[in-house]
Structures are given as structure tokens and as C-alpha cells.
Amino acid sequence: EVIGVPDTELLSTGGRAHLFFERDGSPKPYQNSRGKVRMPNTKTFERILDCKDKKFIDLLKRCFTWNPLERMDPQEACRHEWILEGLPPGILIHHMNLH
């Protein structure tokens with residue numbers, strides 16, 4: 001619902017993609033036990049978290065990316081602006097020395 005559908009190239013690498021996606025890459029309809037059908041790209045991080053912090057949302061979007069080659073790795077995440085801004089000065093010095 002939030003991060004959309006992976007591209008067809010990425011889906012082609014998944015051994016079980018055929019269970020969840022059509023040949024054209026569109027998701028197969030799925031109804032949960034309560035009858036709710038969830039659709040891709042119908043919600044945003046901002047809405048589900050009730051958050052307007054653009055830097056935090058950027059961190060989440062870069063961590064929750066389908067393609068692992070495009071996804072932020074843990075070291076990059078530790079150096080993200082939102083993380084760095086939240087560290088106390090004494091810890092920030094040590095944190096920067098580790099990277």
C-alpha cells in the first residue's frame with residue numbers, strides 16, 4: 001500500500017512472484033480475512049505515521065525500497081541527516097569517527 005509494486009525486472013528474480021503478481025507485474029487481488037483488499041500506492045508514510053518530518057520520511061523511503069541495489073544500506077542510514085541531527089554532540093563525534 002505504501003511503497004507500490006516492484007518493477008517487472010525485480011519480480012522476475014523472485015521464485016514465488018507468480019503467486020502474488022500477474023505476468024505483466026500487476027498485483028493479484030488479495031482479500032484478507034476481514035474482506036479488505038489492499039491496493040499498492042494508496043497510502044503514504046506521512047499519512048499512516050501522521051508525520052510531516054521530511055527528513056524522517058526520506059530516511060524511511062530510502063530504507064523501504066524494493067530494489068536492494070537502490071536501497072539504503074545500514075551504514076548509509078547511520079549517516080542520514082535525520083539520524084545525525086538527533087545525536088547528542090558527544091555521541092555525534094564518536095559516531096562520525098566510526099564512519
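All residue numbers refer to positions in the sequence shown, counting from 1.
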Student: Do you know which two heavy atoms are closest between R38 and N32, and how far apart they sit?
Tutor: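 Smallest interatomic distance, heavy atoms only, reads NH2-ND2, 3.8 Å.
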
Student: Residues two or more places apart in sequence or in another chain: which of them pass side chain to side chain contact (heavy atoms under 4.5 Å, CB included) with T42?
Tutor: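 Scan of T42 (side chain to side chain contact (heavy atoms under 4.5 Å, CB included), adjacent residues dropped) gives E1, M39.
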
Student: Side-chain donor-acceptor pairs under 3.5 Å in residues 16-24, sequence neighbours left out?
Tutor:
from : atom 1 : to  : atom 2 : distance (Å)
H18  : ND1    : G15 : O      : 3.4
D24  : OD1    : S26 : N      : 2.9
D24  : OD1    : S26 : OG     : 2.7

Student: Look at the side chain of T13 and the backbone N and O of E9, then say whether any donor-acceptor pair between them is shorter than 3.5 Å.
Tutor: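 The answer is no, because no donor-acceptor pair under 3.5 Å joins these two groups.
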
Student: What are the two closest non-hydrogen atoms of N41 and V2, and how far apart are they?
Tutor: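 Minimum heavy-atom separation between N41 and V2: OD1-O, 3.7 Å.
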
Student: Supply the atom-to-atom distance D73 CG to R71 CZ, rounded to the nearest 0.5 angstrom.
Tutor: 10.5 Å

Student: Which pair of non-hydrogen atoms, one from H80 and one from K55, has the smallest distance, and what is that distance?
Tutor: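 Shortest heavy-atom contact: CE1-O, 3.1 Å.
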
Student: Are more than 12 heavy atoms, taken from residues, nucleotides or ligands other than K28, located less than 6.0 Å from that residue's NZ atom?
Tutor: yes

Student: Going from CZ on F56 to CD1 on I83, what distance comes out if it is rounded to the nearest 0.5 angstrom?
Tutor: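 It is 8.5 Å, given to the nearest 0.5 Å.
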
Student: So which atom in K43 and which in I48 form the shortest heavy-atom distance, rounded to 0.1 Å?
Tutor: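 Where K43 meets I48 most closely, the heavy atoms are CD-CG2, 3.7 Å.
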
Student: Any donor-acceptor pair under 3.5 Å linking the side chain of W66 with the backbone of L11?
Tutor: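 Side chain of W66 to backbone of L11, a donor-acceptor pair under 3.5 Å: no, none is there.
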
Student: Does a sphere of radius 6.0 Å around CD in E85 hold more than 12 heavy atoms from other residues, nucleotides or ligands, not counting ones at 6.0 Å or beyond?
Tutor: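 Above 12, so yes.
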
Student: Distance from M72 atom CE to K61 atom NZ, nearest 0.5 Å?
Tutor: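 Result: 12.5 Å between the selected atoms.
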
Student: Using every non-hydrogen atom in the two residues, find where V5 and P27 come nearest and quote the distance to one decimal.
Tutor: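 For V5 and P27, the tightest heavy-atom pair comes out as CG2-CD, 4.0 Å.
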
Student: Atom CH2 of W82 and atom CD1 of I57: how far apart are they, to the nearest 0.5 Å?
Tutor: 10.0 Å

Student: Tell me every residue that passes side chain to side chain contact (heavy atoms under 4.5 Å, CB included) with Q31, counting only those two or more places apart in sequence or in another chain.
Tutor: V37

Student: On a heavy-atom basis, which atom in P68 and which in L10 lie closest, and how many Å separate them?
Tutor: CD-CD1, 4.1 Å

Student: Exactly one of L59, D58, L60 should register a side chain to side chain contact (heavy atoms under 4.5 Å, CB included) with F45. Which one does?
Tutor: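 By the side chain to side chain contact (heavy atoms under 4.5 Å, CB included) criterion, F45 pairs with just one of L59, D58, L60: L60.
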
